[in-house]
Structures are given as structure tokens and as C-alpha cells.
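When a ligand or atom number is given, it counts from 1 through the structure's own listing order. Residue numbers run from 1 in the order of the sequence given.
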Amino acid sequence: MKVTVIGAGNVGATVAECVARKDMVQDVVMVDIKDGVPQGKALDMVESSPIHGFDTYLTGTTDYADTADSEVCIITAGLPRKPGMSRDDLLAKNANIVKSVTQQFVEHSPEATIIVVSNPLDVMTYVAYEASGYPPERVMGMAGVLDTARYRAFIAEELGVSVRDIQALLMGGHGDTMVPLPRYTTIGGIPLPQWLDDDTIHDIVKRTKGGGGEIVDLMGTSAWYAPGAAAAEMTEAIIKDNGRVLPAAAYVDGEYDLEGFFIGVPIVLGADGVEEIIEVELDDHERALLDTSAEHVQDNLDNLQRLIDEGEVK
Ligand SMILES: NC(=O)C1=CN([C@@H]2O[C@H](COP(=O)(O)OP(=O)(O)OC[C@H]3O[C@@H](n4cnc5c(N)ncnc54)[C@H](O)[C@@H]3O)[C@@H](O)[C@H]2O)C=CC1
Ligand SMILES: O=C([O-])CC(=O)C(=O)O
């Protein structure tokens, strides 16, 4: 089995390492336009394998022929944001990159499943979907696993309990309008509202929504450890076909009365990709938040169409 990671930068290299350390596939191939970088990072990781104890072999390349017959492809190619920027500011540049890398990848792997990481996430997933020609269930975006991980980490810190006992659901686009759902958050099976008052929950939700930006402000570029681990967890669900229930950007075709784009929803993830979109009951407040987030994703898609019409996105 082979996993391809496109973009061997901060997130891509971390995904590749996390996948290799799970020791579940024979090969991980990293692709980048910077010749030498994917090869050097792959060699460095191979040299760490006797210490970590994994047999997955990593290679780096600039040639898509080396990615042939991959089971899973994680797309991380593209620019990260800098302080003062929103993810949406990356739209034009990253759309061209994501379209081009997707087309080159699918030529050699017509049967793979694609996980998009590049931002702005929900629209880049749509770009990869259109460029791939794949059915919608074999293209998805990674955001919810990362956003719920941040949310769970903040809750664990506040309560002084283990992160392992926190389960959470979050929906919507990967941006400031994302919708963490405290009603669907449990700690050891006990709902979050029984642990924390409304103000504290509000503060944790607010920090989660700004979680990406908090790191950009600290480092001058965006996060990679948690994003890399999150994309590797999704890859594992596909490779092992274990039916994980996770939030991810999936193509909605009437679910939640939304249609024709990718947005964060709970899914069952396995070898066939998005095997099911789970429709949970939302109260009026939660529904309004999801609608606002969906409108934002739709606005971004309209912006993409405008850029295509103006020739800025080819
Ligand atoms: N979905 C999410 O939750 C997250 C998304 N991101 C996004 O992931 C993307 C990557 O972030 P980083 O790894 O930090 O950036 P980075 O700059 O460290 O790495 C990006 C890599 O893409 C490569 N690249 C650019 N154009 C390419 C092309 N045409 N073909 C192949 N490789 C190409 C670059 O050479 C570079 O090595 C950004 O768009 C960022 O916003 C980052 C964190 C979380
Ligand atoms: O904030 C960013 O630009 C990168 C990202 O999507 C995240 O870390 O959530």
C-alpha cells in the first residue's frame, strides 16, 4: 500500500512522519516542487525508522510517476498564511496550486482517496474534487479532526482531566464561523454543560475558533504538528477501513438542507472514503450558526468563480 503526500513543507512532512510511524503501509511518497527537499526529508525520516521502529519506507520526488497506484493522497501544497491574513486571502494562489497538483496526481492514481489540507480548506477541497474527476465520496477535507482536537485539548486543560476521555463534534467551514457543539461534547460520557458554566464554555469555543490564528500570531506561519497528526488519523481510517466517526469537509447533497459544496459534517470514514454523512438534530441556535458558516463557504466559492472568470485562476 502506498500513501502520497503532496507538499513536503511543514504540514506535509509532519503527515508523512505520522503516517510512517503508524507502520500501516509499505510506502510513503512525498512530492514537492522544491527538488531535493522531499528527497532529503524522506531520507532523514528513513534514518529515524530504526529508532522509532517502523518499516514503512519513505521517498521524496518531483515526479508524479513515482506516486502511481496510491491508496490515499494528502494535499498540503500551497501557501500558509502570515499574521494579519485570513485563510481566505490564500484563495487565488492556492486554487491554482491545488488544481495543478490534483490533475498530475490522478493521472497516475485513478482509484485513490484524496484528503485536502491546503487552505482555504472547504473551497480547496472543491477545487480538488473538480480537478480529480473522482466521485465525491473519495474527496474530503481535513479540518474537523484538527479543530475538535484543539477544542478537546482546551477542555482537558480547563478541567484537569485526560484528553483521552473527551469526545466532541464540530461542524461548518474551517474558519472563524466554524461551529463547535457543546451539546454534543462529552467527558467520560457526561455532557460538557454538566461540567462547565456557559461563560467558560463560550471562552473555550471562542479560543477554538481562533485556534489557527493564535498559532499564526505566535510563529508568523501556521501550525503543523496537530494538522499533520489529524490528516494522518484520517489516512489511518481509510487504510484500516475501521469506520471511524469523525468530522470532515464532505460533499453535501441535500444533507442538512445544504447542497453542492464541501463543508464540515460528521462522517463515517473507511476504505470507500466518506461512507456516510451523519445527520444530527440541531436546535435553532446551532442551525443558525451552521447556516452562517455555509453562507461563508458559498461566498468563498463565488469568489473562486469570479477569479476563474477573470482568468486569475486557470
Ligand atoms: N486544513 C487545515 O486545518 C490546515 C491547513 N493548512 C494549510 O496547509 C498548507 C501548507 O501549509 P505548510 O505546510 O505550513 O506550508 P509550507 O510552506 O511549509 O509547505 C508548503 C509546501 O508546498 C510546496 N508547494 C507549493 N507549490 C507546489 C506545487 N505546485 N507542487 C508541489 N508542491 C508545492 C512548497 O514548496 C512547500 O514545500 C497551507 O495552505 C496552510 O494554510 C495548514 C494547517 C492546518
Ligand atoms: O490557521 C491557519 O492558517 C492554518 C489552519 O488552517 C489551522 O491551523 O487551523
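Contact atoms of ligand 1 toward Asn119: 4 (C), 5 (C), 6 (N), 7 (C), 39 (O), 40 (C), 41 (O) (distance under 4.0 Å to a heavy atom of the residue). Atoms of ligand 2 lying under 4.0 Å from any heavy atom of Arg81, numbered from 1 in the order shown and given with element: 1 (O), 2 (C), 3 (O). Within the listing of ligand 2, atoms 1 (O), 7 (C), 8 (O), 9 (O) sit less than 4.0 angstrom from a heavy atom of Gly212. Atoms of ligand 1 lying under 4.0 Å from at least one heavy atom of Val101, given by number and element, are 28 (C), 29 (N), 30 (N). Within ligand 1, the atoms closer than 4.0 Å to a non-hydrogen atom of Val11 are 11 (O), 12 (P), 13 (O), 14 (O), 42 (C), 43 (C), numbered from 1 in the order shown. Set against the non-hydrogen atoms of Leu146, the atoms of ligand 2 under 4.0 Å away are 7 (C), 9 (O). The Pro227 neighbourhood of ligand 1 comprises atoms 43 (C), 44 (C), with distances under 4.0 Å to a heavy atom of that residue.
Heavy atoms of Ile97 found under 4.0 angstrom from ligand 1 belong exclusively to the side chain. If you look at Ala223 next to ligand 1, the close heavy atoms, those under 4.0 Å, all belong to the backbone. Counting heavy atoms under 4.0 Å from ligand 2, residue Asn119 touches it through the side chain alone. With a heavy-atom cut-off of 4.0 Å, Met142 touches ligand 1 through backbone and side chain alike. At a 4.0 Å heavy-atom cut-off, ligand 2 does not touch Leu121 at all.
For the pair Ser100 and ligand 1, no heavy-atom separation below 4.0 Å is found. The shell of residues lying under 4.0 angstrom from ligand 2, judged by heavy atoms, excludes Ile215. Residue contact annotation: Val117 has a non-hydrogen atom under 4.0 Å from ligand 1. Within the structure, ligand 2 has Arg150 among the residues with a heavy atom less than 4.0 angstrom away.
Nearest heavy-atom pair across Cys73 and Phe105 is CB-CZ, 3.3 Å. Across all their heavy atoms, Val123 and Leu91 have their closest contact at CG1-CD1, 3.7 Å. Between Ala231 and Val117, the shortest heavy-atom contact is CB-CG2, 4.2 Å. Across every non-hydrogen atom of Ala20 and Leu58, the tightest pair is CB-CD1, 3.9 Å.
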Exercise for the section: Mind running side-chain contact (heavy atoms from CB on, under 4.5 Å) on Asp88 and His296 for me, showing each step along the way? Expected result: CA-CA 10 Å; Asp88 301 344; His296 184 81; 2.9 Å; yes
Practice task
Apply salt bridge (Lys or Arg N to Asp or Glu O under 4.0 Å) to the pair Asp302 and Arg306, showing each step before the final yes or no.
Solution key: CA-CA 6 Å; Asp302 294 344; Arg306 185 178 47 76; over 6 Å; no
Practice task
Evaluate the criterion side-chain contact (heavy atoms from CB on, under 4.5 Å) for residue pair Thr4 and Tyr64; output intermediate values, then yes/no.
Solution key: CA-CA 10 Å; Thr4 286; Tyr64 282 84; over 6 Å; no
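For atom 38 (C) of ligand 1, the nearest protein heavy atom (residue, atom name, distance) is Leu79 O, 3.2 Å. The nearest heavy-atom contact from the protein to atom 9 (C) of ligand 1 is Thr76 O, 3.5 Å. The shortest contact between atom 17 (O) of ligand 1 and any protein heavy atom is with Pro80 CD, 3.6 Å.
Here atom 26 (N) of ligand 1 lies nearest to Ile33 when heavy atoms of Asp122, Ile6, Ile33, Val37 are compared. Here the shortest heavy-atom distance to atom 21 (C) of ligand 1, taken over Val98, Asp32, Leu121, belongs to Asp32. With atom 22 (O) of ligand 1 as the reference point, the heavy atom nearest to it among Gly211, Gly9, Gly78 is part of Gly78.
Geometrically, ligand 1 and Asn10 share a nitrogen or oxygen pair separated by less than 3.5 Å. By the 3.5 Å distance cut-off applied to N or O atoms, Asn94 is counted among the residues near ligand 1. Residue His174 has at least one N or O atom closer than 3.5 Å to an N or O atom of ligand 2.
For Glu259 (side chain) and Asp253 (main-chain N/O), no donor-acceptor pair under 3.5 Å exists by modelled atom type.
Between Arg207 and Asp203 there is no salt bridge, since no side-chain N of the basic residue sits under 4.0 Å from a carboxylate O of the acidic one. Under 4.0 Å is where a charged nitrogen must lie from a carboxylate oxygen, and between Glu233 and Arg244 at least one such pair does.
Below 30°, between 30° and 60°, or above 60°: for Tyr251 and Tyr129 the angle between ring planes is between 30° and 60°, a tilted geometry. Taking the six-membered ring where the residue is Trp, Phe54 and His52 present parallel rings, their angle staying beneath 30° rather than reaching 60°.
Here the CG atom belonging to Asp284 is positioned 11.0 Å from the CG atom belonging to Leu289, to the nearest 0.5 angstrom.
Counting only residues at least two apart or in different chains, ring pair (Phe, Tyr, Trp, His ring centres under 6.0 Å) contacts with residues 174-222 are absent.
Atom CG of Asp176 is surrounded by 12 or fewer heavy atoms from other residues, nucleotides or ligands within 6.0 Å.
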